[in-house]
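Down below is the structure, laid out as structure tokens.
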Number of protein chains: 2
Amino acid sequence: MTKAGKTVLIVDDEAPIREMIAVALEMAGYECLEAANVQEAHAQIIDRKPDMILLDWMLPGTSGVEFARRLKREDRTAELPIIMLTAKGEEDNKVQGLEAGADDYITKPFSPRELVARLKAVLRRSTPQGIEEPIEVSGLMLDPVCHRVTAHGDPIDIGPTEYRLLQFFMTHQERAYSRAQLLDQVWGGNVYVEERTVDVHIRRLRKALGESHEQLIQTVRGTGYRFSTKAS
Amino acid sequence: MTKAGKTVLIVDDEAPIREMIAVALEMAGYECLEAANVQEAHAQIIDRKPDMILLDWMLPGTSGVEFARRLKREDRTAELPIIMLTAKGEEDNKVQGLEAGADDYITKPFSPRELVARLKAVLRRSTPQGIEEPIEVSGLMLDPVCHRVTAHGDPIDIGPTEYRLLQFFMTHQERAYSRAQLLDQVWGGNVYVEERTVDVHIRRLRKALGESHEQLIQTVRGTGYRFSTKAS
DNA sequence: TCCTATTGTGACATTTGCGTGACGAGCCTT
DNA sequence: AAGGCTCGTCACGCAAATGTCACAATAGGA
């Protein structure tokens, strides 16, 4: 489920180090941004909206700690996970770093493997999914927490894509969506697939729902599809 | 928000430090026990049953690491969360500490705020529910007190990790968990392990459960796993 | 009614995700 | 030191899931 690889912003004043880290992370499937100082970092954050920040302790101008503190203070960036990088021998500052709002702390030199591992752990913690209530429509129930679909209590077996499709429909009832919109919302923006693929998945979903509920997914000829309890 | 304040055992040979920590924790609503050495600590654990342990790295006689390892080995105390305390400059030993079974690790000097924060985090993920009643699901029984699993009365032999995994599943039925979530909940947040490792342990657990019960652990394609009595 | 644009449907090759056995490292007991 | 145990990782293979196509079915306008 490699949605889109998460984006990591690397802030360090030494280009070779940035590069090294970037290579390691890209091999692990992350997208990397780089910044040599606080100004660049700030621009990147606003512009590219990374999912987390690798922040060197020592920076020209504003120090890393200060920058971290600033980010945590701003609403817009308060939730951004930060991992502080520090050279060995600066361990005194660990407490400061963590208090400033860093989510983890790693000492140079470090192995790429360790870096990636910590990164994963931090990302894992900081991305809780929204509160998800079961949705029920005329006997058809989708429970996001259990990741399960049932019709009058009986489990229905569908693939991941059909699940996402159904979830989208059930949270957006009564409205017609074009194939392009569905691809955007269910498949995710930057994927190239034929629009007719939507038809196939609609079919699979209808089949899985069975005669009792397939009517909920209505064809809007010339436009797309709609999920509705009312007959068309 | 939860029941009564948790009890924390502070193990350190320097009385002033114990005192300082105790004051900080009591202000945060915890009850504190103190021990200057391993013998005292052991007595306190048996006698007062603390909910977690703050363990200094350096101790007269048996070292903190060794003590931690011993606690993790004994069934009776294996689940007790431990936070190791260490003076600055001993960071090399961090890995040793964590591997010995410590759930977290904190370097002196530290701020009371940091200590309390880590303590909360560790407690949160180690004992969501305090007293441990046996859990039984369709003939499969897990008894936390005896640290034993039986299927229709016949004992099942599984390793510690599989035990924790099963315990987590049985206390969190029906809900689907991603591999990342399982790593967090079962392995502990500060451990860096491949996600696929979860698969392997799932397999080992299923195998141990046998045909009669392996169906309880269901694969949720593209998402993770789920423990449920209902068929998928 | 016929025609055409649009959608339904089954089949197919490819991709992806998971199950599985094996292996080596570390720890504990002997 | 040796042997057993548990653990994390890897590589391989299978099966589900996916995207695409070709063709059938359908609707709606002329």
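Chain letters run A, B, ... following the sequence lines, proteins first, then strands; residues in each count from 1.
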Rounded off to whole Å, could you give me the [atom1]-to-[atom2] distance for the [X] and [N] pair?
X	N	atom1	atom2	value
A/Ile202	D/dT20	CD1	C1'	17 Å
B/Arg226	C/dC18	CZ	P	13 Å
B/Leu205	C/dG19	CG	P	12 Å
A/Ile217	C/dG8	CD1	P	11 Å
A/Glu214	C/dT7	CD	P	17 Å
A/Arg179	D/dG19	CZ	P	15 Å
B/Asp157	D/dC5	CG	P	9 Å
B/Glu195	C/dC18	CD	C1'	13 Å

Students often get this wrong, so: under 4.0 angstrom with heavy atoms, is A/Tyr163 touching a base, only sugar-phosphate, or nothing?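 No contact at all - A/Tyr163 keeps every heavy atom at 4.0 Å or more from the nucleic acid.
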
Tell me every residue that passes side-chain hydrogen bond (donor to acceptor under 3.5 Å, both in side chains) with [X], counting only those two or more places apart in sequence or in another chain.
X	value
B/Arg221	none
A/Thr150	none
A/Thr161	A/Arg164

Only residue of A/Phe227, A/Phe168, A/Tyr225 satisfying ring-ring contact (aromatic ring centres under 6.0 Å, His included) with A/Tyr177 is A/Phe168

From B/Ser228 atom OG to A/Arg148 atom CZ, the distance as rounded to the nearest 0.5 Å: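 B/Ser228 atom OG to A/Arg148 atom CZ measures 4.0 Å (nearest 0.5 Å).
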
Rounded to the nearest 0.5 Å, how far does CZ of B/Arg226 lie from CZ of B/Arg175?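 Atom-to-atom, B/Arg175:CZ and B/Arg226:CZ are 12.0 Å apart.
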
Any [X] side-chain nitrogen or oxygen under 4.0 Å from OP1 or OP2 of [N]:
X	N	result
A/Thr161	D/dT18	yes
B/Thr197	D/dC7	no
A/Trp187	D/dT18	no

Between A/Glu162 and B/His201, the residue closer to the 5' end of DNA chain D by nearest nucleotide is B/His201

Holding to salt bridge (Lys or Arg N to Asp or Glu O under 4.0 Å), I want the full list of residues that pass it with A/Arg204, two or more places apart in sequence or in another chain. none

Restricting both atoms to N or O, compile the protein contacts to nucleotides 20-24 of chain C shorter than 3.5 Å, with distance only.
{"unit_1": "C/dG21", "atom_1": "OP2", "unit_2": "B/Arg203", "atom_2": "NH2", "d": "2.1"}

Counting side-chain heavy atoms from CB outward, which of C/dT7, D/dT9, D/dT20 is closest to B/Glu194? D/dT9

Considering only D/dT6, D/dG19, C/dT7, which nucleotide approaches the side chain of B/Pro160 most closely?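 That would be D/dT6.
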
Minimum heavy-atom separation for B/Arg206 and B/Gln218, please, with both atom names. NH2-C, 3.8 Å

Side-chain donor or acceptor of B/Arg18 paired with backbone N/O of B/Asp12 under 3.5 Å: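 A pair under 3.5 Å: yes.
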
Please answer whether the main-chain N or O of B/Pro160 pairs with a side-chain N or O of B/His147 as donor and acceptor at a distance below 3.5 Å. no

So which protein nitrogen or oxygen atoms get under 3.5 Å of nucleotides 24-29 of chain D's nitrogens or oxygens?
none

